[in-house]
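One-based numbering, in listed order, for ligands and for the atoms of each. Residue numbers count from 1 along this sequence.
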Amino acid sequence: MKIKNFEQLLHHQIADLMSAETQLIEALPEMATAATSKDLKKAFNDHLKETKNQLKRLEQIQQELKNSDKTTCKAMKGLIAEGSEALKDVEPGHVLDAALIGAAQRVEHYEIAAYGTAKCHAQMCGLTKIVALLEETLQEEGNADKLLTKIATSHVNQEAIDVQMAATSTKK
Ligand code: ZN
Ligand code: FE
Ligand code: FE
Ligand code: FE
């Protein structure tokens, strides 16, 4: 069935986000296991808990909207596939941590864009309660992104460089 109006467009976006969060709930444990840095591991595990709650919020929104749309978020599929590629191609350690942060931030930025748009559309439709629920998640995604930046710039990136320096000096 074709989408004909703005509210149906919002319904589609909520279904897409549900798919995105569901895929992430499956992917995050693997990323947490693969991470070497304790704070990165914790960030992934904490965001997994948050993500499960975000999915609950979306279910609540669907009930509120009497929305039963289902779809697959192809973007999240691709972003997670890139993350898995890193797991396969990068040796475990600080360099992999840096790669995992890059993959995770791509995910957070996608979510920030998608929740931002959905929130804006809900606002236009006058759906105040739904706006509030989307806003809560949007804040969490923003915080997750900022925390990843902090982990990268406070030590992981430097440690990844140190790995490279150590490798270069043994070759000499
Ligand atoms: Zn879609
Ligand atoms: Fe999320
Ligand atoms: Fe999507
Ligand atoms: Fe997220």
**Cluster overlap Ile14 with Leu9, hydrophobic side-chain contacts below 4.5 Å** = no
**Asked** For Asp16, what is the atom name of its N, O or S atom nearest to the Fe ion (ligand 3)?
**Response** OD2
**Message:** Looking at Glu21 and Arg57, is there a salt bridge between them, counting it only when a charged N and a carboxylate O are closer than 4.0 Å?
**Reply:** no
**Message:** Only N/O/S atoms count here: what is the atom of Glu111 closest to the Fe ion (ligand 4) called?
**Reply:** OE1
**Prompt:** Is the distance from the Fe ion (ligand 4) to some N, O or S atom of Glu108 under 2.8 Å?
**Reply:** yes
**Asked** Is the Fe ion (ligand 3) less than 2.8 Å from an N/O/S atom of Tyr110, whether that atom is in the backbone or a side chain?
**Response** yes
**Message:** Can you tell me how far apart CD1 (Ile151) and CD1 (Ile101) are? Round to the nearest 0.5 Å.
**Reply:** 6.0 Å
**Request:** Kindly confirm whether the Fe ion (ligand 2) is within less than 2.8 Å of some N/O/S atom in Gln54?
**Result:** yes
**Message:** Looking at Glu30, I'd like to know if its CD atom is crowded, meaning that more than 12 non-hydrogen atoms belonging to other residues, nucleotides or ligands lie closer than 6.0 Å.
**Reply:** no
**Request:** Just give me the atom name: the N, O or S atom of His47 closest to the Fe ion (ligand 4).
**Result:** NE2
**Heavy-atom donor-acceptor pair, Asp69 side chain to Ala15 backbone, under 3.5 Å** = no
**Prompt:** Got an N, O or S from Glu21 under 2.8 Å of the Fe ion (ligand 2)?
**Reply:** yes
**Item:** Donor-acceptor contact present, side-chain Gln105 to main-chain Asp145, <3.5 Å
**Value:** yes
**Item:** Whether Glu141 has an N, O or S atom under 2.8 Å from the Fe ion (ligand 4)
**Value:** yes
